[in-house]
Amino acid sequence: MSDDPVDKSGAGHSHGHDHDHAGGHHEESWIRKYVFSTDHKMIGLQYGITALCFLLFGFCLMLLMRWQLAYPGSVVPLIGGWLGEANAPGGIILPAFYNQLGAMHGTIMVFLAIVPLAVGAFGNYVLPLQIGAPDMAFPKLNMMSYWVYFVGGIVMLVSFFLPGGAANSGWTSYAPLSVIATTGQTAWLFGMVFLITSSLLGSMNMIVTIIQLRAPGMTFMRLPFFVWSQFVTSFLLLLAFPPLEAASVMQLMDRLAGSSFFMPSGLFVSGQALEYAGGGSPLLWQHLFWFLAHPEVYVLILPAMGIVAEIIANNTRKPLWGYKPMVYSTIFLGFMSFIVWAHHMFMTGMGTVISAFFQTTTMIISIPSVVILTALLISLWGGSIRFNTPMLFSLAFLPMFGIGGLTGLPLGLAPADIHLHDTYYVIGHFHYVVAPGTIFAIFAGIYYWFPKFTGRKMSEGLGKLHFWLSFIFINGVFAPMFIQGLAGVSRRLYDGGLSYSHAQPVLHWNVFMSMAAFGLFLAQLPFVFNFFWSMKKGEKVGSNPWGATTIDWACTTSPPLGHGNFEHIPTVYRGPYEYSPPGADDDFLPQHVPGS
Amino acid sequence: MQIPYNEEPRPDTGLYNAKLGIWLFLASEVMLFGALFSSYILLRTGNPDWHQEELDVVLATINTLFLITSSVTVVFAWMALRLNDFAKFKLYLWLTMALAGAFLVVKYFEYSAEFEHHLYPSSNNFMATYFTMTGLHGIHILGGMVVFGYLLGPGAKMWKSEPERFTNRIEVAGLYWHFVDLVWIFLFPSLYLL
Amino acid sequence: MQSFLARWMPIDASSHGAPLDRMNAMVHWLMLVLFVGWGLYFLYVLYRFRASANPKASHEGAKSHFSSYIEAGVAIVEVILLVGFAIPAWASWVSPETSDPEPFVVRVVAQQFQWNVHYPGPDGVFGPTDVSLLSNTNFVGLDRADPAAADDVVMINQMPLPVDRDITVMLSSKDVIHGFFLPQMRVKQDAVPGLAIPVRFRAVTATPADGLFPGCFQTKTCWEIACAQLCGLTHYRMQGYYTIQSQDSFDAWMDEQQALLQPAQPAQPAQATDEAQADSSAAAAGGTEADEHADASQ
Amino acid sequence: MAGHSPEEISAERRVYVTVFASLGVLTLVTVAVASLDLSTGAAIFVALAIASVKGSLVACYFMHLIGERKLIYAVLALTFFFFLVLIFLPLAAQADRMGG
Ligand code: HEA
Ligand code: HEA
Ligand code: CUA
Ligand SMILES: [Cu+2]
């Protein structure tokens, strides 16, 4: 195989001017290289590491909750004493603390872990390589996005130490509860303003990069599917996030300046009438929140689909089946995701017409997902399937996303949602899409691109162990949630439903699910070990260890990979997945290699 | 390393990077202010006891004229650069800064007068909307001034090294500035006149 | 077909529940068919096209178009579910056909962390309420001075209802958003402060004898009003109790309440009777403790 | 992109000055109309119509949207559609509620 990029230096680009680009060709200082780096690869890694830490942190918050759900009101073992007297006197979690954990688990997982991983890390690192760009279009802005994200994360973390603790009104922060909540909510809102700003800068950068910096010959229909998924995702981030930014500002006004945007007249809390002007609308908050948050859930899944598509094409050694329908479906999905949001609000008293509208759009939006999933499934047909670790995670993604997606259908039909809304059924639905869905895709991506990050492969043995244990345990955590949900167990219950009689027949599942969650935690140890061990000791590999066709594998592999990525910008001659071309010796024909 | 299309437009899109970037940014700004306008309409139509305060139309009209004028000066600054007239450019951009400053000063007096009449965001939802929208708009003005300040100060060096790119920067900053003007054009009647 | 989900779901004692459950079951059948079908295909493909068995991949892959038919099939079934079931079912949830000329109306006012139930009494007219009258003894702000209020009954966390009547619950909230959830009635509705939302349903089965309080809290056989929406600290125990009774026993209960109201004292006795009527443990789960927590919620 | 020759630029300048004058006039017109005591509906319509004209002038000439690239139009069309969704769907939801 050829590691030499095609020599067509800077075709189509002109570099007329000398300029005093700081540190351009000189040895960069440590700070410029590792901290305030403008290299998209370093920024991608910064995003990745930070977000993995948040993922672990979010998981740990959840483990505390799962302990409480399994054994309500009993002392948290091992770490109970460290949780602080205000939160867990004597190691027993208080309701107030449980609510903080829940709100922060949701917020951290969504905004600080998964989105930064899927978009910040993979998007940043892989995307410019896949389109043959020397960097992102605006490297300094890229650096800024990361640091703004970082500050947002710190604000969220620090909020645990405020009087009254972190935000405790759910990740949805429904008003008026959130408006009258403790100071943690203010920190949450400020944190969100930072996180949203970061996403905006990042997505704008990403779109410009994709449109402007594609290598010669890289037409839109030759883009790897991963790039398409990031492209659509970026538009969702760009246009759906600002309304929540506005809403956060308005909620801040309500909390700090005493306005009443989300406060209706005549509230009477804890035996006292509140002093305020009134006339606001609690449902306005919900509209603005879900206007963001529904597109947001596709932000969580689209990059995952992109990663999975790359890996499936590579490991079936054949082109993706239905690349074009997949691309069109993704665009359509992105577009539709702006007009389904109120399916989260069926129970707020919706009339017939509006609910019919949102039910219809919700059913319509399920079709492109079906098309994408079907295309991926059919892509397997006729392949020569290699079951390496990235492929295992990618394959598992399909039925797991299937379960999550399919359980979205009854929720999308308002009459069926009457019974299921705000029960564990919803929790089960979306965790199937984000945990064994997106997290698995992210694991797959880490195993797959690790050689690009480090020049070494991760251990396959440990990887497979990680996969099988995770697969079993994660289903153990989430499958019983559907049963509990059907039984009518509400979500966000401090005691997991203990005091409700209709919950009694399904209560025993709580222990089972929590045990599976602890098992899931243990199952991550091989991964963490593998991750660090392989950086130093993993098998050394060449630039293109998987025999891949996309041009991220055409540049020499990191660490030598310098700022600028390619010695010469490659020229692209064909579509992204020319695997097993008829009549060729090699079973893959990279995009940048000339010839038939 | 050099990022392509910082100066010259990419042939197939006809755009240089920052131009596309700023329009995307403005698109997100449309959604930001859109959400506020949406809230304003929803709260106002949904509340039978809505109370619209009388605001100072004269000051707001003056401010509107300031902003419109500053939009002209900023395009003139850009034109001056294209004619290679750096001195004129500086003059026009300083003028823009001055007009923006004047806008904020007037706004300051407006706010003080409102506080004196005991009108705060907590008074009613009209005042809350008013302060939030004009406040956010004011922050955008301030942001614009910071950008112009940079382009007149340390950023001006680029005129020597990469004049094309510098001219582009001015165009892009101008686009942002016109947008801020445009938002005001809608804020003015919705808050002061209706 | 319904038994498929009914195994896990609470029993359904309402008139509108059966079609909802049926629809829910139908969707789940669709899901199951898709999942099992694709699942079998998936496993087969993984086995048949493993690299060791199929060392050379086919460039074209699948040639048939059967997937388009499946996609079209899914779309058609979804359209049928939507147009044939979901939209009409929602329309009748929003405004059900009533057979009662006069539905039985009751107000439910949610608050952190209890359900206040306000009956109009035998005269069928709600006494006026006002925010300024709200207090820790007058939970719905009822103006007892008004004649229409004289026979009004206010209960905390207790909601007896007559069977086979069209019932309208006018739902509202005093503080934050709560979720009014009657699992056996297939009723769920957010209680949004500032709005009064009518929730209409009809119970077709009375609560079984062992489900009637007092004492149901220990035996776990009662029917509960659950709070579905996160509303603060004690959201998890914002529990009420409702019973569906024959019209006779409901009337008898209402008479008892009227007798207790006789001294014609405002508010106070009505509350006291609630406490007395509710079994100790049930009351403990509702009113009294909630007040303690309410202070902490700010 | 606009040309660089001095003639073209001075033509451009004339356009800008004209637009500026129109904006100024329209501002005064809005204020004048507002003092006319129209019915609420008419007042809102007139004020927003004038604002839209002014906005279009700024967008078309100062921001040279007239003669901008297709790509930018596409982005703005998409944004405008979502903007309308954001304004009108919540209103529609508020209008169509259970129990009227
Ligand atoms: C990544 C995230 C993600 C994704 C992709 C989805 C996808 C979907 N979601 Fe989900 N959803 C969430 C995240 C997500 N959701 C979250 C976080 C919440 C809760 C928020 C909260 O309240 O806190 C939620 C809540 C939620 C609700 C509100 C429920 C309620 O509160 O009452 C609804 C209602 O319509 C809904 C519907 C849907 C639908 C119809 C889809 C569709 O797009 C799904 C389409 C997919 C398919 C139809 C699958 C196709 C499958 C096959 C073809 C078979 C394959 C089989 C094998 C491989 C074996 N979702
Ligand atoms: C992207 C989103 C996301 C993700 C990934 C998860 C992941 C998980 N969630 Fe989460 N969850 C939410 C979003 C998410 N959740 C939201 C939005 C809510 C609603 C909150 C609310 O009510 O407001 C919620 C609520 C929620 C509840 C309901 C609580 C309640 O209602 O009271 C439960 C209960 O079990 C739960 C469990 C879990 C579990 C067991 C996981 C597990 O899958 C976690 C698995 C994690 C891993 C496998 C990570 C492993 C990490 C590493 C290995 C890091 C390695 C590090 C280095 C190498 C440096 N979640
Ligand atoms: Cu009330 Cu939850
Ligand atoms: Cu959704």
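A note on names: the letters A, B, ... follow the listed sequences, proteins ahead of strands, and every chain is numbered from 1.
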If you count heavy-atom pairs under 4.5 Å between each of [options] and chain D, which one has the most?
options: Val57(B), Val75(B), Leu24(B); value: Val75(B)
options: Leu193(B), Leu42(B), Leu182(B), Leu20(B); value: Leu42(B)
options: Ile41(B), Thr64(B), Leu15(B); value: Leu15(B)

Is it true that the side chains of [X] and [Y] contain a donor and an acceptor less than 3.5 Å apart?
X: Thr61(B); Y: Tyr192(B); answer: no
X: His140(B); Y: Glu29(B); answer: yes
X: Glu114(B); Y: Tyr130(B); answer: yes

Chain B heavy atoms under 4.5 Å from [X]: which part of the residue, side chain, backbone, both or neither?
X: Leu89(D); answer: neither
X: Leu71(D); answer: side chain
X: Ile87(D); answer: both
X: Ala34(D); answer: side chain
X: Leu84(D); answer: neither
X: Ser35(D); answer: neither

* Asked: Does the pair Lys19(B)/Glu68(D) count as a salt bridge with the N-to-O cut at 4.0 Å?
  -> yes
* To do: In plain terms, say whether Glu8(D) and Arg82(B) are close enough for a salt bridge, that is, a side-chain N and a carboxylate O under 4.0 Å apart.
  => no
* To do: With ring pair (Phe, Tyr, Trp, His ring centres under 6.0 Å) as the test, would you mind laying out the steps for Phe166(B) and Phe89(B) before giving the verdict?
  => CA-CA 12 Å; Phe166(B) 186 70; Phe89(B) 153 76; 5.6 Å; yes
* Can you measure from CG (Asn168(B)) to CD1 (Ile22(B)) and round to the nearest 0.5 angstrom? => 12.0 Å
* **Atom pair CG/OH of Asn6(B) and Tyr16(B) - distance to nearest 0.5 Å** => 10.5 Å
* Asked: Of the listed residues (Phe82(D), Phe88(D), Phe80(D)), which shares the most heavy-atom pairs with chain B below a 4.5 Å separation?
  -> Phe82(D)
* Structure fact -> Counting heavy-atom pairs under 4.5 Å with chain B, the top scorer among Val75(D), Val31(D), Thr30(D) is Val31(D)
Quick check on [X] against chain D: is it the side chain, the backbone, both or neither that has a heavy atom closer than 4.5 Å?
X: Phe179(B); result: both
X: Phe33(B); result: neither
X: Leu194(B); result: side chain
X: Ser39(B); result: neither

* Asked: For the ring-ring contact (aromatic ring centres under 6.0 Å, His included) test, which of Trp184(B), Trp78(B), Phe103(B), Phe148(B) pairs with Trp177(B)?
  -> Phe148(B)
* **Phe131(B)-Tyr120(B) aromatic ring centre distance below 6.0 Å** => no
